[in-house]
Amino acid sequence: MYNLLLIIGRGIGQVMFQNNALSGLFMLIGIFLNSWQMGLLALLGNVISNMAAYFSGYKQDDIKNGLYGFNGTLVGIAVGAFLQLSVESFILLVIASAGSTWIAGLFSRQRFLPGFTAPFILAVWAILGICLLFMPYLMLMPDAVIDDTYHYFQAFCLGIGQVMFQGRTVLAGLCFLLGILINSRKDAFYAALGAFIPIPLSILLAVDYASINAGMMGYNGVLCAIALGGTDWKSLVSAVCAVLLSTGLQIIGMNLGIITLTAPFVMSVWIIITIRTLFYRLL
């Protein structure tokens, strides 16, 4: 049981690159502070994705380190964020959580680019497409929010919280940041940096108040900064470039009406990694 709890905790922590069950616990607390339903769905997605990895014969060390739990965690929360809770949505959650594990397994077979949250993105896009085509009644309508001023602290905290769709309380984002800090001060610094940079950039690009205040501009930047941030100036430059690029991609995606999820993060880091690799080879 203890090992199972460690696997679940690490799976939640790995959403933000923290291989630490205590970090995952604080993040789970943050989710429950925002929505107890999403907290349960996060656990359900986590367990299902890990079970799929176990029965598929994937490496035990990878399972123990939460590498097959974090995509399922995100899938579970996404179901609560986008779909009405029903028998159909629970079936889709099971399929998509297991599917994210199998997609992650495919990514693990190559060494060109890390999968990151791509398995979660592909799995959720698939179930959203199915719902739009065959079960539109399951789709939740987004709440219309009208803001007439910027709330900087809220935008910062929710930018961290929105990594896991937590956009109703600043406490979720603060719990996430604390969870990161428990495991790595460096990652906590980069998470804060990634949440902060998109705010002035989005204001400069005239993004609407509501989107900025809801943290929709910052969450991809948080993941970009942690993924690429290191202890030298080159990694800092890479992280900042990825944050800026992800913010631009997020704005473009939202203007096109795309449910971007964490695709701007994945695409931005892939682009920066590719450019950096090619640059080093030319030296």
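Please read all numbers here as calculations on a predicted model, not as lab measurements. Throughout, residue positions are numbered sequentially from 1 according to the sequence presented.
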side-chain contact (heavy atoms from CB on, under 4.5 Å) between Phe120 and Ser49: does it pass, once the steps are laid out?
CA-CA 11 Å; Phe120 145 70; Ser49 58; over 6 Å; no
Please assess Ser108 against Tyr68 for the test side-chain contact (heavy atoms from CB on, under 4.5 Å), listing each intermediate value before the final yes or no.
CA-CA 11 Å; Ser108 69; Tyr68 289 109; 3.9 Å; yes
Run Asn65 and Gln14 through side chain to side chain donor-acceptor pair (under 3.5 Å) and show every step you take.
CA-CA 8 Å; Asn65 288 326; Gln14 286 283 14; 6.0 Å; no
Under the criterion side-chain contact (heavy atoms from CB on, under 4.5 Å), I'd like the reasoning laid out for Val163 against Thr262: C-alpha separation, chi angles, the key distance, then a yes or no.
CA-CA 8 Å; Val163 171; Thr262 53; 5.7 Å; no
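In this pair, Phe116 and Phe17 present their aromatic rings perpendicular. The plane angle is above 60°, beyond the 30 to 60° band. Relative orientation of the Phe165 and Phe82 rings is perpendicular, given thresholds of 30° and 60° on the angle between their planes.
The side-chain heavy atoms of Leu261 and Val124, taken from C-beta on, include a pair separated by under 4.5 Å. Put simply, the side chain of Leu43 reaches to within 4.5 Å of the side chain of Ile12, judged on heavy atoms. Between Ile212 and Tyr150 the shortest side-chain heavy-atom distance falls below 4.5 Å.
Between Asn46 and Thr73, the side chains place a donor N or O and an acceptor N or O closer than 3.5 Å (distance only, hydrogens not considered). Looking at Tyr137 and Glu88, their side chains do bring a donor and an acceptor atom within 3.5 Å of each other.
Residues Gln18 and Met16 share a closest heavy-atom pair of NE2-O, 2.8 Å.
The ring of Phe156 has its center no closer than 6.0 angstrom to the ring center of Phe196. Outside the 6.0 Å centre-distance limit, the rings of Phe176 and Phe26 are not counted as a close aromatic pair.
From Met135, atom CE reaches atom OG of Ser86 across 8.0 Å, with rounding to the nearest 0.5 Å.
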